[in-house]
Trainee: 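Sharing a structure below in structure tokens format, with a few things to ask.
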Amino acid sequence: MKFVDEYRDRDRVRTLTEGLRRITTKPHTVMEICGGQTHAIVKFGIDELLPEGVSLVHGPGCPVCVTPVELIDKAIAIAQRPGVILCSFGDMLRVPGSHIDLLGAKASGADVRMVYSPLDAVKMAKKHPDKEVVFFAVGFETTAPANALAVVQAKREGLKNFSLLSSHVLVPPAMRAILASEVCAVQGFLAAGHVCTVMGFTEYEPIASEFHAPIVVTGFEPVDILHGIFLCVRQLEEGRAAVENEYVRSVTREGNLSAQAIIKEVFEVTARKWRGLGEIPASGLGLREDYAFYDADRRFELTGYTAEECKECIAGQILRGLKKPHECLAFGMRCTPEHPLGAPMVSSEGACAAYFRYKRHA
Amino acid sequence: MCLAVPGEIVSIDESDPLIRNARVSFGGMLKEVSLAMTPEATAGQYVLVHAGLAISVVDEDEAAQILKDLEQIAALEEAEEPAA
Ligand code: SF4
């Protein structure tokens, strides 16, 4: 496929790994923020191609993984009400809540459906005027325009039976939280190419200079990822800390202005709790007052939800890049994709599931 | 989650700008995609699609330029090789 195959080309991969070996004179630790990149890195074995001393740690960039347990409990509670159709992306349906997951709720009679796009949920609301259709909207900035567009369309069509349970998270505040923490192992970042496709990368410029950490906007194919690592290591070797863009075929400095406009129209920045990282100020998106009607949280008046995260699960340390999945005592034993204890084992973009799937235990 | 896949626009239905639906081919598989956030996109171009929505038009010139940059890394290497 065009724009895919040329970025999986062996010769280009070799050029980059050799180039990287040539420029590396000391150890460096680089974090890839995005779970999609984590998945590709483990799948293609990219971390095994790196010269000694250059190591990758996996960041918090899996929205499914950072969605707190109580929000999953809320989604389950909504799904269990009569007359509700709850829909979400496939990964979300298998994340364990306090007692069951959404698929478990479905098995015991709740109407839970997987959709490919939030726009499909709007169509479903139109088709079933006698039902309440709730879309469990998780995601980073990449997904926010699609979710915002769904709300705008529902409003325009006068749909009264559509709402969003929003668990939107933003990348730059999480990066700051990681860099500002006392135990920070990360020297440079690969920024998430699709988040930046929407948002551009001006937000990252102050972070790079404040923490003196290079940030390279990077795509998702092996050549993209190796190129991103190459540019990041080159900066670290030269003592620079700038924002560079490797993913120029999709990302501009300003990003997609139409997409940013619709996000701003529908959502406002709020504090958000991240699984494993705790509450981070100004790190999420919630519906604006003008769109409060479409807020499932208000429509279903869900209050008093708190939940404990599984004690054994070290997802918090994994999401901060302090530990690798196989260092968790439960990994592959009590915790598997069939019986996940924590979210990073559920989503295919979670570091634990990626390690498990590709049989990487070291 | 943030997966976005490049596909080629086959045809565009311009009747509703807020939806601006297109048929997009992903290696031959056709899907309906909203181009509401890429008003500049035209048939024959590639778009990156996430959750049913195109989030960018793939810039062919930039794509070609980057692959050229990589050739330079390779050329540098060959130039340095004999000295090593
Ligand atoms: S292996 Fe399971 S229990 Fe351990 S950190 Fe990963 S998700 Fe949590």
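Chain letters run A, B, ... following the sequence lines, proteins first and then strands; every chain starts at 1.
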Trainee: Is any residue of residues 21-30 of chain B within less than 4.5 Å of chain A by heavy atoms, and which ones?
Mentor: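 Listed by number, the contacting residues are B/Phe26, B/Gly27.
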Trainee: Between NZ of A/Lys123 and CD of B/Glu32, what distance do you get to the nearest 0.5 Å?
Mentor: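 So the NZ of A/Lys123 and the CD of B/Glu32 are separated by 4.5 Å.
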Trainee: Given heavy-atom pairs under 4.5 angstrom as the criterion, report whether the side chain, backbone, both or neither of B/Val5 touches chain A.
Mentor: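 Only the side chain of B/Val5 comes within 4.5 Å of chain A.
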Trainee: Around atom NZ of A/Lys126, are there more than 12 heavy atoms of other residues, nucleotides or ligands at under 6.0 Å?
Mentor: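 No.
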Trainee: So, taking the atom named CD1 in B/Ile55 and the one named SG in A/Cys196, what distance separates them when rounded to the nearest 0.5 Å?
Mentor: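 Here the interatomic distance stands at 10.5 Å.
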Trainee: Looking at every heavy atom in both A/Phe89 and B/Ala51, which two are closest together, and how far apart are they?
Mentor: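 In this case the closest contact between A/Phe89 and B/Ala51 is CZ-CB, 4.0 Å.
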Trainee: Tell me which of these, A/Asp11, A/Leu149, A/Leu119, has more heavy-atom pairs under 4.5 Å with chain B than the rest.
Mentor: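 Answer, by heavy-atom pair count under 4.5 Å with chain B: A/Leu149.
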Trainee: Which residues, numbered in order, of residues 59-66 of chain B come under 4.5 angstrom of chain A by heavy-atom distance?
Mentor: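 Counting heavy atoms that sit under 4.5 Å from chain A, the residues of residues 59-66 of chain B involved are B/Asp59, B/Glu60, B/Glu62, B/Ala63, B/Ile66.
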Trainee: So which part of A/Val248 gets closer than 4.5 Å to some heavy atom of chain B, the side chain, the backbone, both or neither?
Mentor: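 It is both, since atoms from each part get that close.
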Trainee: Measure across A/Ala146 and B/Leu53 and return the closest heavy-atom pair with its distance rounded to 0.1 Å.
Mentor: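 So the two residues come closest at N-CD2, 3.5 Å.
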Trainee: Side chain, backbone, both or neither: which part of A/His227 has a non-hydrogen atom closer than 4.5 Å to chain B?
Mentor: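 Side chain of A/His227 only, per the 4.5 Å heavy-atom cut-off to chain B.
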Trainee: Dump the intermediate steps for side-chain hydrogen bond (donor to acceptor under 3.5 Å, both in side chains) on A/Thr197 and B/Ser56, then the final yes or no.
Mentor: CA-CA 7 Å; A/Thr197 296; B/Ser56 72; 4.9 Å; no
Trainee: Side chain, backbone, both or neither: which part of A/Val223 has a non-hydrogen atom closer than 4.5 Å to chain B?
Mentor: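 Looking at A/Val223, just its side chain touches chain B.
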Trainee: Grab the two heavy atoms, one from B/Met37 and one from A/Asn256, that are nearest each other, plus how far apart they are.
Mentor: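 Result for this residue pair: O-ND2, 3.0 Å.
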Trainee: Please state whether the side chain, the backbone, both or neither of A/Ile262 comes within less than 4.5 Å of a heavy atom of chain B.
Mentor: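 Just the side chain, heavy atoms under 4.5 Å.
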Trainee: Can you tell which part of B/Leu48 gets under 4.5 Å to a heavy atom of chain A, answering side chain, backbone, both or neither?
Mentor: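 Side chain only.
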Trainee: side-chain contact (heavy atoms from CB on, under 4.5 Å) for B/Lys31 and A/Tyr116? Distances and angles first, verdict last.
Mentor: CA-CA 11 Å; B/Lys31 275 207 157 159; A/Tyr116 157 74; 3.8 Å; yes
Trainee: Under the side-chain contact (heavy atoms from CB on, under 4.5 Å) rule, what do A/His194 and B/Leu3 come out as? Steps first, then yes or no, please.
Mentor: CA-CA 8 Å; A/His194 293 144; B/Leu3 186 73; 5.9 Å; no
